[in-house]
Amino acid sequence: MNARRVVMLLALVGLSAWLYLRPGAASTAAEFSGATMGTTYRVVMGDARPAAEVEALQRAVDSLLADVNASMSTYDTASELSLFNAQPRAEPVTISRPLATVMRQSLDVYAASDGRFDVTVGPLVDAWGFGPVARGSRVPTDIELDSLRRHVGSDKLRLQGDTLQKLHPLLRVDLSAIAKGYGVDRVSDLLTERGARDHLVEIGGEMRARGRNVRGEPFRVGIEEPDPERVRVRLAVLLDNRALASSGNYRNFYEQDGVRYVHTLDPVAGRPVRHTLLAVSVLHEECALADAWATALLAAGPELAMALAQRSNLDVMLLVAGDQGAVVERFNGNFERAVRRSQP
């Protein structure tokens with residue numbers, strides 16, 4: 001639903017991890033990466049480890065992420081979520097604990113954001129030409145949008161314990177705006193359980209750090225300048241046992257009949273947003289919630305986003321389009337304390 005890669009790892013985050021060798025042990029870079037959820041993941045640890053240990057950790061991470069994907073993917077027609085979406089009747093369905101956890105988080109953010117985070121908004125995304133199907137030659141009409149909105153809305157979902165029910169048979173759920181963050185949390189928990197307590201985990205731009213890097217300092221990551229023409233770092237953020245997620249709408253857009261349509265939809269209005277908020281970054285203890293809130297706040301626009309952040313005590317940074325091409329930073333909570341203006 002939202003453009004990712006707004007956040008990127010700076011080169012020095014893990015640069016020294018593979019330079020330090022444990023005395024008397026054959027070691028390799030304490031870092032590995034792979035593919036998952038239609039994107040990539042990366043793990044950087046705070047010390048060097050023997051090659052066999054790193055390989056074992058990667059196998060465990062790959063297996064865990066495969067399980068998450070098998071539960072929550074909308075591209076895998078055999079996934080647990082796809083089977084729920086294909087259910088033709090509005091009856092309660094027993095779901096796994098991981099899927100129930102993510103659904104509960106999604107519904108909590110839906111309520112707290114006044115509907116700006118909505119995992120059922122997929123049909124509207126498709127109608128506006130930002131889904132998997134190629135965009136048509138016109139924008140949807142009000143009549144078409146009103147018809148679609150009859151089976152869109154997380155208020156049409158009921159989660160009770162380990163059962164999930166859709167109150168409209170055509171309702172479908174897409175967790176792409178929270179599942180990557182959930183995957184980051186699960187990988188971080190797995191690494192901690194296996195003794196790799198100092199690490200940074202990143203999936204598709206969403207990340208979480210625990211402990212310290214090889215220098216004994218908090219991990220640093222870079223936040224991208226909201227520039228559609230080139231990729232460059234605007235500032236660095238210290239991740240001191242926290243998660244960071246970002247969303248931006250300055251690259252994925254199209255123009256039709258002289259009107260610019262960005263890929264970020266306001267689920268309440270059912271239309272692409274028209275505000276000046278370019279990007280949102282959220283610091284949180286859980287990456288899944290940072291992921292969901294980044295999406296919600298970007299849909300809300302600068303004024304409502306700040307009000308929602310204050311109401312929910314969120315640490316956020318908003319990048320807002322100012323006059324003459326300027327980008328204005330707005331902060332809430334403790335986000336600004338984590339910012340470092342110089343390169344690490």
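In this chain, numbering begins with 1 at the start of the sequence shown.
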Do Glu202 and Arg208 sit within salt-bridge range, that is, some charged N less than 4.0 Å from a carboxylate O?
no
Within the distance-only criterion (no hydrogens, no angle test), does the side chain of Asn85 pair as donor or acceptor with the backbone N or O of Val173 below 3.5 angstrom?
yes
Just by distance, do the side chain of Arg311 and the backbone of Ala112 share a donor-acceptor pair under 3.5 Å?
yes
Any side-chain heavy atom of Val214 within less than 4.5 Å of one from Asp47?
no
Please report the shortest heavy-atom distance between Thr39 and Gly204, naming the atom on each side.
OG1-CA, 3.5 Å
Do the ring planes of Tyr41 and Phe32 sit parallel (below 30°), tilted (30 to 60°) or perpendicular (above 60°)?
perpendicular
Please lay out, stage by stage, how Glu336 and Met317 fare under the test side chain to side chain contact (heavy atoms under 4.5 Å, CB included).
CA-CA 8 Å; Glu336 193 168 13; Met317 179 181 72; over 6 Å; no
Just by distance, do the side chain of Ser106 and the backbone of Val102 share a donor-acceptor pair under 3.5 Å?
yes
Rounded to the nearest 0.5 angstrom, the CZ-CG distance for Arg59 and Leu64 is 15.0 Å
Quick one: pull up CZ in Arg210 and CG in Leu200 and give me the separation to the nearest 0.5 Å.
12.0 Å
Strictly distance-based, threshold 3.5 Å: is any side-chain N or O of Ser113 a donor or acceptor partner for the main-chain N or O of Val109?
yes
Polar side-chain atom of Arg274 near backbone of Arg271 as donor-acceptor pair, under 3.5 Å:
no
Output the distance between atom CH2 (Trp293) and atom CG (Leu283), rounded to the nearest 0.5 Å.
15.0 Å
Counting distance only, does the side-chain N/O of Thr163 pair as donor-acceptor with the main-chain N or O of Gln160 below 3.5 Å?
yes
Mind running side chain to side chain contact (heavy atoms under 4.5 Å, CB included) on Thr101 and Arg97 for me, showing each step along the way?
CA-CA 6 Å; Thr101 296; Arg97 181 176 296 179; 4.2 Å; yes
Taking every heavy atom of Asp266 against every heavy atom of Val273, the minimum-distance pair comes out as N-CG1, 3.9 Å
Distance-only donor-acceptor check, side chains Thr94 and Asp162, under 3.5 Å:
no
Rounding to 0.5 Å, atoms CG (Leu107) and OH (Tyr110) come to a distance of 9.0 Å
If you define the side chain from C-beta out and look only at heavy atoms, does anything of Glu31 sit under 4.5 Å from Arg42?
yes
Find the distance between CZ (Arg149) and NE2 (His151) and round it off to the nearest 0.5 Å.
12.0 Å
Please check this pair: side chain of Asn69 against backbone of Ser73, looking for a donor-acceptor N/O pair closer than 3.5 Å.
no
The reported gap from CG in Leu318 to CZ in Phe331 (rounded to nearest 0.5 angstrom) is 9.0 Å
Considering only heavy atoms from C-beta outward, does the side chain of Ser96 approach that of Glu80 to under 4.5 Å?
yes
Going through the checks in order, is the side chain to side chain contact (heavy atoms under 4.5 Å, CB included) test met by Thr295 and Leu298?
CA-CA 5 Å; Thr295 298; Leu298 186 65; over 6 Å; no
Does any N or O in the side chain of Asn332 come within less than 3.5 Å of the main-chain N or O of Met306, such that one atom is a donor and the other an acceptor?
no
Strictly by modelled atom types, are Thr120 and Arg172 linked by a side-chain donor-acceptor pair under 3.5 Å?
no
Nearest heavy atoms of Leu159 and Ala100, plus distance in Å
CD2-O, 3.8 Å
Should the pair Arg232-Glu224 be classified as a salt bridge under the 4.0 Å nitrogen-to-oxygen rule?
no
Is the backbone of Gly211 close enough, under 3.5 Å, to the side chain of Asn241 for a donor and an acceptor to pair up by distance?
yes
Within the distance-only criterion (no hydrogens, no angle test), does the side chain of Ser147 pair as donor or acceptor with the backbone N or O of Ile143 below 3.5 angstrom?
no
Nearest heavy-atom pair of Leu239 and Pro218: which atoms, and what distance?
O-CB, 4.0 Å
For side chain to side chain contact (heavy atoms under 4.5 Å, CB included), just list the numbers for Thr192 and His199, CA-CA rounded to whole Å, side-chain angles, deciding distance to a tenth of an Å, and then say yes or no.
CA-CA 8 Å; Thr192 300; His199 59 258; 3.3 Å; yes
Non-hydrogen atoms of Ile178 and Gln105 that approach each other most closely
CD1-CB, 3.9 Å
Are the side chains of Val119 and Asp174 in touch, meaning some heavy atoms are under 4.5 Å apart?
no
Should the pair Arg337-Asp315 be classified as a salt bridge under the 4.0 Å nitrogen-to-oxygen rule?
no
